[in-house]
A.B. asks: 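Please see the structure below; I have some questions.
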Amino acid sequence: MCDRIKIFCGDITSEKVDAIVNAANTDLILGGGVAGAIRLKGGPSIQVECNRQGPIELGDAALTGAGDLCARFVIHAAVMHLGDKPTAESIEKATLNSLQIASDSSLKVIAFPALGTGIGGFAMERAAKI
């Protein structure tokens with residue numbers, strides 16, 4: 001599916017890529033963490049598009065424009081319900097659905113955060129294995 005994977009620490013909202021992935025909740029509310037940074041740096045148009053598409057099922061993903069971000073799109077990967085915690089299953093399913101959206105949309109360069117590990121509290125090592 002890919003030629004190359006790079007792992008690095010940095011500000012995902014500054015990446016010049018086809019799409020960045022947002023560790024989203026099923027309501028597609030851009031609250032804190034990565035989603036909050038996307039909302040602040042990308043501007044209100046991203047939340048407006050999320051409002052039109054949400055809520056979505058746990059493990060599903062949705063594509064929006066990227067507003068004022070350097071990326072062209074944001075893929076919102078629903079790893080948890082609002083106020084809940086992610087599971088290994090929801091992270092895996094949301095990752096696969098995000099990759100499917102990228103493939104269907106001919107997106108080649110995608111930046112993923114460590115899904116579910118921030119506000120969601122999922123263990124970084126477990127997320128990396130998924």
Side-chain angles (χ1 to χ4, degrees):
M1 185 177 253
C2 68
D3 298 325
R4 186 175 55 201
I5 295 175
K6 291 183 182 181
I7 299 173
F8 65 95
C9 292
D11 179 358
I12 197 168
T13 63
S14 297
E15 290 301 309
K16 294 178 177 119
V17 294
D18 292 329
I20 62 171
V21 177
N22 171 34
N25 57 65
T26 56
D27 290 328
L28 300 183
I29 304 291
L30 301 175
V34 172
I38 289 170
R39 177 178 41 80
L40 289 173
K41 287 182 128 180
S45 67
I46 302 170
Q47 183 63 68
V48 169
E49 286 187 61
C50 283
N51 293 345
R52 278 186 248 153
Q53 294 189 48
I56 61 175
E57 294 293 319
L58 186 63
D60 279 351
L63 182 71
T64 67
D68 297 328
L69 299 175
C70 296
R72 292 176 37 222
F73 299 97
V74 178
I75 300 171
H76 304 272
V79 297
M80 63 188 167
H81 293 290
L82 192 59
D84 206 355
K85 298 288 182 189
T87 65
E89 181 181 81
S90 68
I91 292 170
E92 180 177 11
K93 187 175 178 187
T95 298
L96 291 172
N97 281 322
S98 295
L99 291 170
Q100 187 64 56
I101 284 175
S103 177
D104 293 346
S105 302
S106 299
L107 306 177
K108 302 294 182 202
V109 182
I110 299 99
F112 272 85
L115 294 177
T117 62
I119 290 173
F122 199 83
M124 182 71 73
E125 296 79 19
R126 286 184 67 203
K129 288 178 182 176
I130 295 168

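The model shown is predicted, which means the values in this text are computed figures rather than measured ones.
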A.B. asks: Does L115 reach the side chain of P86, with side-chain heavy atoms less than 4.5 Å apart?
C.D. replies: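 Sidechains of P86 and L115: no contact.
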
A.B. asks: Hydrophobic cluster mates of L30, side-chain heavy atoms under 4.5 angstrom, ILVMFWY only, any path?
C.D. replies: I12, V17, I20, V34, I38, I46, L69, V74, V109

A.B. asks: So, the side chain of R72 versus the backbone of G65: is there a donor-acceptor pair under 3.5 Å, distance only?
C.D. replies: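 No: the side chain of R72 does not pair with the backbone of G65.
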
A.B. asks: If only atom types and distance count, is the side chain of S103 paired as donor or acceptor with the main-chain N or O of L99 below 3.5 Å?
C.D. replies: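 Not at all, since once roles are kept as given, no pair shorter than 3.5 Å links the two residues.
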
A.B. asks: So, for G116 and A23, which heavy atoms are closest and what is the spacing to 0.1 Å?
C.D. replies: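 Between these two residues, the closest heavy atoms are N-CB, 4.0 Å.
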
A.B. asks: Between E15 (side chain only) and I110 (backbone N and O only), is there a donor and an acceptor less than 3.5 Å apart?
C.D. replies: no

A.B. asks: Could you check whether any side-chain N or O of N97 sits under 3.5 Å from a backbone N or O of I101, counting only pairs where one atom can act as donor and the other as acceptor?
C.D. replies: no

A.B. asks: Restricting to non-hydrogen atoms, name the atom on G31 and the atom on R39 that form the minimum distance, rounded to 0.1 Å.
C.D. replies: O-NH2, 2.8 Å

A.B. asks: Write down the atom of C70, the atom of S14, and the distance for their closest heavy-atom approach.
C.D. replies: SG-O, 3.9 Å

A.B. asks: Taking the side chain as every heavy atom from C-beta outward, state whether I29 and C50 have any pair of such atoms under 4.5 Å apart.
C.D. replies: no

A.B. asks: Which pair of heavy atoms, one from G43 and one from D68, lies closest together, and at what distance?
C.D. replies: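 Nearest heavy atoms, G43 then D68: CA-OD2, 4.4 Å.
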
A.B. asks: Nearest 0.5 Å please: distance from the CG atom of D18 over to the CG atom of L107.
C.D. replies: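 With rounding to 0.5 Å, CG (D18) is 5.0 Å from CG (L107).
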
A.B. asks: Among the clusters formed by ILVMFWY side chains lying less than 4.5 Å apart, do I75 and I119 turn up in the same one?
C.D. replies: no

A.B. asks: Using the side-chain contact (heavy atoms from CB on, under 4.5 Å) rule, take T64 and F73 through it: C-alpha gap first, then chi angles, then the decisive distance, then the call.
C.D. replies: CA-CA 6 Å; T64 67; F73 299 97; over 6 Å; no

A.B. asks: I130 and V79: same hydrophobic cluster, using ILVMFWY side-chain contacts below 4.5 Å?
C.D. replies: yes

A.B. asks: Can you see which heavy atom on A94 is nearest to which on A61, and at what distance?
C.D. replies: O-CB, 4.5 Å

A.B. asks: For a 4.5 angstrom cut-off between non-hydrogen side-chain atoms, does Q100 reach L96?
C.D. replies: no

A.B. asks: Can you list the steps and then say if T26 with E57 is a side-chain contact (heavy atoms from CB on, under 4.5 Å)?
C.D. replies: CA-CA 6 Å; T26 56; E57 294 293 319; over 6 Å; no

A.B. asks: Closest heavy-atom contact between M80 and G120?
C.D. replies: SD-CA, 4.0 Å

A.B. asks: Judged by atom type as modelled, is there a donor-acceptor pair below 3.5 Å linking the side chain of D11 to the main-chain atoms of T13?
C.D. replies: yes

A.B. asks: If we ignore angles and hydrogens, is there a donor and acceptor under 3.5 Å between the side chains of T87 and S90?
C.D. replies: yes

A.B. asks: Taking I91 as the starting point, is it possible to reach I56 by hopping between hydrophobic residues whose side chains are less than 4.5 Å apart?
C.D. replies: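 No; tracing contacts between hydrophobic side chains, which count when under 4.5 Å, never links both residues.
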
A.B. asks: Before giving the answer on side-chain contact (heavy atoms from CB on, under 4.5 Å), spell out for S98 and H76 the whole-Å C-alpha distance, their side-chain angles and the decisive distance to 0.1 Å.
C.D. replies: CA-CA 8 Å; S98 295; H76 304 272; over 6 Å; no

